[in-house]
Amino acid sequence: VTGPQFEPTHERALTPAVGPARDVDGFVRQFLRELNYTQGVPLSRSTLNDQYLALARTVRHYLMQGWIRTGKRRRDAGDKVIGYLSAEYLLGRQLDNALLAAGLEDIAREAMKECGLDVDLLRSQEIEPGLGNGGLGRLAACFVDSLATMDVSCIGYGIRYEYGIFKQTFEDGRQVEVPDSWLALGSPWEFPQPDRAVQIDFGGHTERYTGDDGRERTRWVPAWDVQAVPYHLLVPGYRNGVVNTLRLWSAKATNAFDLQLFNQGDYAEAVRAQTFAENITKVLYPEDSTPQGRELRLQQQYFFVAASIKDFIRHTLPADFDLHRLPERIAFQLNDTHPVIAIPELMRILVDEHDFEWDEAWDVTKQCFDYTCHTLLPEALEVWPVDLLGRLLPRHLEIVYRLNEDFLARVREQFDGDEVRARRMSMVQENPVRAIRMAHLATVAATKVNGVAELHSQLLRDKVLPDFSEMWPDKFTNVTNGVTPRRFVRIANPGMSELVTEAIGEGWLTDLERLRELEPFADDAAFRERFRAVKAGNKERLRQLLHHRDGIDLPEGHLLDVMVKRLHEYKRQSLKLLHVVSLYQRLLSDEVDPESTTPRTVVFGAKAAPGYFMAKETIALINAVAATIDADERVAGRLAIAFPANYNVTLAETLIPAADLSEQISLAGKEASGTGNMKFALNGALTIGTDDGANVEIRQLVGDDNFFLFGMTEPRVAELQAKGYVPGDVYASSPRLKSAIDFLASGEATGGDPSRAAAVVDDLLSSDRFMALADFDAYVEAQEKVEATYADTEAWTRSAILNVARSGFFSSDRSMRDYLDRIWNVSARS
Ligand code: CBF
């Protein structure tokens with residue numbers, strides 16, 4: 001069934017139903033209706049989950065009119081749509097954001113009170129949809145929030161994983177992964193649309209045939225297929241009545257099961273095909289260190305982009321739309337290489353299904369795609385072995401080969417037959433296995449290619465894709481990342497938001513540069529005092545949360561030093577750990593009076609990829625050191641480490657506003673941007689950081705005096721690498737470093753058990769791929785500066801306020817404006 005057949009003609013069909021009245025009474029009525037008629041329970045017998053679901057559905061009612069109106073308005077106007085193609089959306093809790101966007105916070109609070117319920121308790125029932133791994137997925141969620149707030153037509157396309165990012169628990173300090181069953185208790189935010197399912201094909205072979213017009217053609221004869229069922233989630237703009245759509249795809253077997261086999265009693269075999277097909281969207285990024293895992297991941301990627309393109313052409317465009325004009329109606333943004341298979345898919349649709357000439361199809365395809373690269377790590381640039389791609393998507397492989405042939409012919413022509421260059425630039429890598437370089441394919445096809453921070457974009461041009469930037473200098477641009485201030489300031493930090501509004505008035509939440517107006521308040525002692533009171537309140541809120549959530553009792557009155565992010569060697573949690581060990585040693589030594597040191601609590605939050613050995617060893621080591629310090633009376637009240645398990649968006653919202661110090665200590669040239677760094681600065685934490693990713697821009701904006709810079713620059717790192725980096729030499733030449741490592745290796749920091757530290761210490765001393773040792777001394781010195789500044793409470797608060805005032809640039813609204821201007825050529829309505 002195709003979309004246009006659904007087009008309503010009757011007058012009644014054109015007007016959305018009237019939503020519930022926007023007052024406490026209207027809210028209560030709707031809530032009770034939801035509870036009684038949808039949940040099927042009276043209030044008196046309802047569980048907290050019933051109440052949460054009814055509350056969420058009530059709020060959803062208020063958004064529906066906006067959603068229907070927005071859709072109609074956009075269809076009538078024939079707006080160009082931004083099709084954000086992302087394998088991840090790390091959404092965070094939906095209820096808080098929906099209440100804020102709809103301006104219903106007070107009404108909902110009152111209404112729940114009238115029902116004898118506590119809205120905060122109900123809000124805390126929500127299990128966040130963790131459909132992303134970290135920065136990239138959270139960025140996608142921020143971007144769709146901004147586009148709705150700016151009233152830009154956007155459909156976020158992605159995957160409805162049945163299990164999101166795993167839930168992290170610790171057993172004896174070691175990470176243990178538990179499935180994240182976020183759907184188990186019901187999911188009130190999504191609308192399943194099984195009647196809009198589309199078929200996605202896989203496998204088989206291709207064959208040539210002669211068309212009716214006598215032209216030679218190719219067709220794909222697939223071997224199996226699966227249904228892609230869309231689930232719509234609402235993306236409300238901030239108080240503007242706009243509601244955009246997130247369309248997440250779920251895999252459903254075309255044939256539920258084999259009834260014959262079932263009747264013969266072979267139950268396992270009867271559902272084998274179904275299980276196989278539905279595994280596609282079972283879990284976020286399955287382990288990809290096994291061949292099976294990799295294949296599933298490629299299936300996921302093709303599954304969601306093929307469904308999205310098909311759905312857009314069939315259901316969003318008018319039935320008679322001329323696909324030659326496709327670029328007028330869609331700009332597909334490729335969020336990293338994960339959706340890049342969309343390029344040959346569109347070519348296939350145009351050439352094989354719509355009879356386009358090859359060149360004509362290529363011309364249209366190129367105009368429809370832009371590509372954002374989010375990494376600098378070579379291993380994160382995906383390549384797909386041709387045997388796998390050929391087996392799963394034979395026609396797509398042929399298309400890529402032909403695109404590559406045409407492209408290399410151009411390279412040879414433009415660069416005087418330079419064969420070495422052609423091989424470097426080829427979409428096909430020959431060694432160690434023949435494979436398709438998805439970043440090359442994306443770069444060749446895309447109209448624009450962007451990095452995600454100034455430094456990253458420069459390194460992308462100069463080091464990752466230099467041949468391409470030489471060939472097409474204008475193709476490359478930068479858009480520095482941003483974060484949504486609605487979630488990460490207003491929801492996360494209500495105290496500070498109120499203070500800011502009192503100082504500079506309303507309006508800053510959608511025009512974040514206005515935070516600049518706070519600058520003069522940095523010199524106002526009374527304001528500083530109130531700012532400190534807000535921070536103290538946020539710390540107390542965190543203490544309560546960690547106490548109840550993790551059984552962790554944070555000491556009071558400490559400098560709160562926070563490092564939260566995925567665990568990866570390049571991010572250098574091990575450098576932070578060495579610093580902690582060094583602080584511990586200092587407190588145990590006779591050299592300093594413990595009372596003269598700054599009391600400090602270091603908070604870690606990090607998940608490691610399940611198959612990443614060294615990351616998991618680092619987690620275990622941090623936990624072992626934390627336990628040792630915790631048990632050591634001698635340092636009580638001066639140093640503590642907390643490592644709450646399962647760091648996620650919800651925890652971030654309480655943790656970040658409480659922080660004094662933000663740790664952004666990756667090796668220069670490795671972190672593409674970082675977005676946690678922006679969230680901390682916006683919430684008044686000072687950064688200690690390297691010249692990496694968006695740290696560079698944060699420092700430029702907040703000023704050197706309000707940022708603790710340390711470590712090698714990227715060119716220095718490159719130089720050292722070229723010269724040959726020997727970590728053992730650094731160890732031998734730095735007494736403080738040697739002492740910290742020896743202490744760790746001896747087991748003194750791990751409850752007397754040296755084996756706990758062995759893997760990490762061995763790795764640091766033998767390879768130290770990310771040069772933690774080389775930056776150690778500079779890091780410790782910068783931390784000494786931190787302590788000296790923190791001792792001057794007024795100076796510290798002043799810097800904290802200036803961090804807030806000067807970080808307005810890092811709103812994702814600004815990022816979106818940059819995409820609109822520099823990449824999509826679309827203008828926002830607001
Ligand atoms: O651009 C968003 C983020 O993406 C990553 O998380 C990624 O997955 N590639 C990068 O590591 C971050 O630097 C970046 O901020």
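Hydrogens, waters and symmetry mates play no part in the numbers below; they use all other heavy atoms, side chains included. Start at 1 and go down the list; that is how both ligands and their atoms are numbered. All residue numbers in this chain count up from 1 along the given sequence.
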Ring centers of Phe643, Phe170 separated by less than 6.0 Å: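 For Phe643 and Phe170, the ring centres are under 6.0 Å apart.
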Per-pair distances, ligand 1 N/O vs protein N/O, less than 3.5 Å:
from     : atom 1 : to     : atom 2 : distance (Å)
ligand 1 : 1 (O)  : His374 : ND1    : 2.6
ligand 1 : 1 (O)  : Asn481 : ND2    : 2.9
ligand 1 : 6 (O)  : Leu136 : N      : 3.4
ligand 1 : 9 (N)  : His374 : O      : 2.7
ligand 1 : 11 (O) : Tyr570 : OH     : 3.2
ligand 1 : 11 (O) : Glu671 : OE2    : 3.2
ligand 1 : 13 (O) : Glu671 : OE2    : 2.6
ligand 1 : 13 (O) : Ala672 : N      : 3.4
ligand 1 : 13 (O) : Ser673 : N      : 3.0
ligand 1 : 13 (O) : Gly674 : N      : 3.1
ligand 1 : 15 (O) : Asn481 : ND2    : 3.4
ligand 1 : 15 (O) : Gly674 : N      : 2.8

field: Approximate separation, where rounding is to 0.5 Å, of Phe476 CZ and Asn450 CG
entry: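 Reported value, rounded in 0.5 Å steps: 10.5 Å.
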field: Parallel, tilted or perpendicular: rings of Phe332 and Phe369 (30°, 60°)
entry: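 Parallel, since the angle between the ring planes stays under 30°.
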- prompt: Where does the angle between the aromatic ring planes of Tyr612 and His568 fall among parallel (under 30°), tilted (30 to 60°) and perpendicular (over 60°)?
  reply: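 Rings of Tyr612 and His568: perpendicular, as their planes differ by over 60°.
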task: Assess Arg160 against Tyr231: is NZ or CZ under 6.0 Å from the centre of the six-membered ring, and within 45 degrees of the ring's axis?
output: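 Output yes; distance and angle both within limits.
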field: Of all pairs that satisfy salt bridge (charged side-chain N to carboxylate O under 4.0 Å, His left out), the ones with a partner from residues 604-623, not counting sequence neighbours
entry: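 For residues 604-623, and leaving out neighbouring residues, the salt bridge (charged side-chain N to carboxylate O under 4.0 Å, His left out) pairs sorted by first residue read Arg174-Glu617, Glu177-Lys616.
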